[in-house]
Amino acid sequence: LKAAKGGVGFPSSSLLPMTGTNYNIAKLEVINNGKSITEARVDIDVSWQSLEYYAGIAGTLAGQHIQLPGGSFAYTRREALGVCVGIGAWNYPFQIACWKSAPALACGNAMVFKPSPFTAVTAVILAEIYKEAGVPDGLFNVVQGGAETGTLLCNHPGVAKVSFTGSVPTGKKIMEMSAKTVKQVTLELGGKSPLIIFKDCELENAVRGALMANFLTQGEVCCNGTRVYVQREIMPVFLEEVVKRTKAISIGDPLLEDTRMGALITRQHLDKVLGFVSQAKKEGAKVLCGGEAFTPIEPKLKGGYYMSPCVLDNCTDDMTCVKEEIFGPVMSVMPFDTEEEVLKRANNTTFGLASGVFTRDISRAHRVAENLQAGTCFINNYNISPVEVPFGGYKQSGFGRENGQVTIEYYSQLKTVVVEMGAVDDYFNC
Ligand SMILES: NC(=O)c1ccc[n+]([C@@H]2O[C@H](COP(=O)([O-])OP(=O)(O)OC[C@H]3O[C@@H](n4cnc5c(N)ncnc54)[C@H](O)[C@@H]3O)[C@@H](O)[C@H]2O)c1
Ligand SMILES: CCCCC=O
């Protein structure tokens with residue numbers, strides 16, 4: 001399993017077959033969420049990699065020694081915050097629970113984790129795994145419930161920190177509640193990320209990248225690059241290729257090895273996503289493929305929340321489908337002419353979670369990455385998030401980070417100890 005490439009949902013062909021516990025968790029995650037088994041396996045890989053990574057870091061936590069005049073000195077200690085609350089979204093249930101609990105526990109905190117009520121199961125499996133590994137009772141706890149339970153946790157005076165993954169509107173409420181007792185907050189929120197494809201790109205990679213940026217986990221991925229800006233000269237060939245491959249995505253039973261797209265999370269969410277497609281048509285977008293409820297041929301799947309992945313052409317920056325997070329398999333494609341123009345358009349959003357650029361021009365790639373207002377910029381790929389690499393948003397996509405060494409700072413506090421080696425000053429002359 002070491003061969004697995006860390007990713008938000010990267011279905012790596014380098015994955016070795018899973019057996020035993022890992023495979024069972026992946027299967028449960030499919031039943032939990034509806035995503036394909038190939039993706040769920042990657043989620044479980046990314047999850048255990050997170051546990052291993054922070055377990056390794058735990059023994060390296062250290063402060064600083066600062067020499068002061070007269071032999072005195074100060075040192076800093078990195079200490080736990082106390083009880084941390086983790087609140088998760090439904091799209092990566094097990095992975096989110098690991099991304100939060102691994103650094104929290106590594107820093108010496110306890111965690112109370114609340115999964116989304118739509119995907120309640122696998123966080124409990126994580127609690128069982130921790131117990132089996134020897135984590136003392138009470139250090140990692142799962143409470144089930146929805147908004148009411150989340151509210152109680154955020155208002156609890158005994159909680160030191162809330163790490164939240166979910167939508168922007170809920171994130172604002174979490175921040176407001178946490179402010180009452182000055183709790184620390186990490187917010188991993190939504191996005192409407194731009195993916196910029198220049199005419200000098202390696203087209204095959206750019207097309208694959210656009211699919212990776214839009215259709216993993218049925219498009220229900222926070223950092224998806226759903227605003228696809230394509231340089232005008234290559235628009236016809238890009239559209240032809242992207243539509244051909246989108247039509248070929250196999251939708252159906254998510255437990256089957258060949259399936260690449262499963263079911264959306266709920267009927268209500270499916271209707272909402274289909275509603276975005278209808279609205280896009282009304283506003284002048286052209287559906288090149290998909291965007292409809294889909295009924296797989298297997299009789300047992302009738303009534304499932306499936307839809308065909310959609311590519312929208314004729315989009316403009318002011319359309320609802322381009323401005324709002326759809327959180328479903330809908331790609332909006334728009335032409336651009338110059339780098340300056342596309343950067344301005346890409347940054348014209350209140351979100352700032354991720355971004356991407358495809359080009360062979362190395363200077364341009366780094367210049368674009370510098371100028372995009374987003375927490376992550378992928379160059380010549382998309383949706384790759386190994387555990388060593390910090391992940392998080394700019395602007396209303398949130399703050400704080402998950403993954404990487406920096407996350408230690410979000411689950412610990414710094415104590416300064418000042419040590420006098422001489423006499424105390426007789427300042428008051430008494
Ligand atoms: N940035 C990231 O890392 C990331 C990752 C995954 C999903 N997301 C975002 O999550 C959203 C989809 O997930 P969702 O529909 O579960 O989001 P959501 O905001 O509806 O719910 C997220 C969690 O918050 C809880 N909750 C709801 N109301 C609450 C309240 N008032 N107080 C406390 N807790 C409350 C829910 O029960 C759930 O556990 C999308 O916007 C997506 O972009 C972000
Ligand atoms: C935990 C995975 C985050 C990806 C966004 O939805």
Side-chain angles (χ1 to χ4, degrees), residues 6-10 29 33 35 39 42-44 46-47 49-50 85-102 112-120 123 142-156 159 162-178 183 185-193 213 216-226 264-266 268-269 272-273 324-328 351-354 374-376 382-387 389-403 407:
V8 165
F10 186 81
E29 197 71 318
N33 169 272
K35 65 175 73 191
E39 276 198 58
V42 178
D43 292 6
I44 307 311
V46 170
S47 302
Q49 284 164 4
S50 164
V85 159
I87 298 181
W90 43 258
N91 59 341
Y92 286 85
F94 192 78
Q95 192 174 309
I96 290 173
C98 289
W99 279 16
K100 294 191 189 306
S101 62
V112 179
F113 186 81
K114 190 197 83 59
S116 166
F118 296 118
T119 51
V142 177
V143 294
Q144 301 288 1
E148 196 183 344
T149 310
T151 301
L152 289 169
L153 291 171
C154 293
N155 282 317
H156 197 290
V159 169
V162 180
S163 176
F164 172 75
T165 297
S167 63
V168 173
T170 312
K172 289 180 183 170
K173 289 184 198 159
I174 302 278
M175 209 170 153
E176 214 176 304
M177 290 187 279
S178 302
K183 291 178 178 55
V185 183
T186 290
L187 296 179
E188 293 286 355
L189 308 179
K192 188 76 199 178
S193 300
L216 292 171
T217 304
Q218 299 76 243
E220 299 157 327
V221 181
C222 55
C223 39
N224 269 359
T226 47
L264 277 71
I265 189 76
T266 58
Q268 196 190 17
H269 188 62
K272 188 173 158 195
V273 175
E324 290 186 25
E325 184 184 43
I326 297 176
F327 221 53
F351 295 110
L353 190 53
T376 298
Y382 207 96
N383 270 342
I384 303 294
S385 300
V387 64
V389 178
F391 178 82
Y394 276 18
K395 302 200 260 185
Q396 289 191 30
S397 290
F399 54 82
R401 288 292 177 269
E402 294 192 315
N403 292 346
T407 298

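Just so we're clear, the structure is a prediction, and the values are computed from it rather than from any experiment. Atoms within a ligand are numbered from 1 in the order they appear, just like the ligands themselves.
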Best match, Gly88, Pro115, Gly393, Gly166: closest heavy atom to atom 38 (C) of ligand 1: Gly88
Mode of Leu189 contact toward ligand 1 - side chain, backbone, both, neither (heavy atoms, under 4.0 Å): backbone
Proximity winner for atom 11 (C) of ligand 1, if only heavy atoms of Ser385, Gly171, Ser167, Pro169 are counted: Ser167
Part of Leu153 with heavy atoms under 4.0 Å of ligand 1, whether side chain, backbone, both or neither: neither
Numbered atoms of ligand 2 (with element) below 4.0 Å of Ile96, judged on heavy atoms: 1 (C)
Sub-4.0 Å heavy-atom contact, Phe391 with ligand 1: yes
Closest to atom 31 (N) of ligand 1 among Thr186, Thr151, Ile326, Ile87 (heavy-atom distance): Thr151
Any N/O pair Asn91/ligand 2 closer than 3.5 Å: yes
Lys35 to Tyr92 six-membered ring, cation-pi geometry met (6.0 Å, 45°): yes
Options Thr165, Ile265, Thr170, ranked by nearest heavy atom to atom 5 (C) of ligand 1, top entry: Thr165
Residue part near ligand 1, for Tyr92, under 4.0 Å between non-hydrogen atoms: neither
Candidate with minimal heavy-atom separation from atom 3 (C) of ligand 2, of Ala354, Ser385, Cys222: Cys222
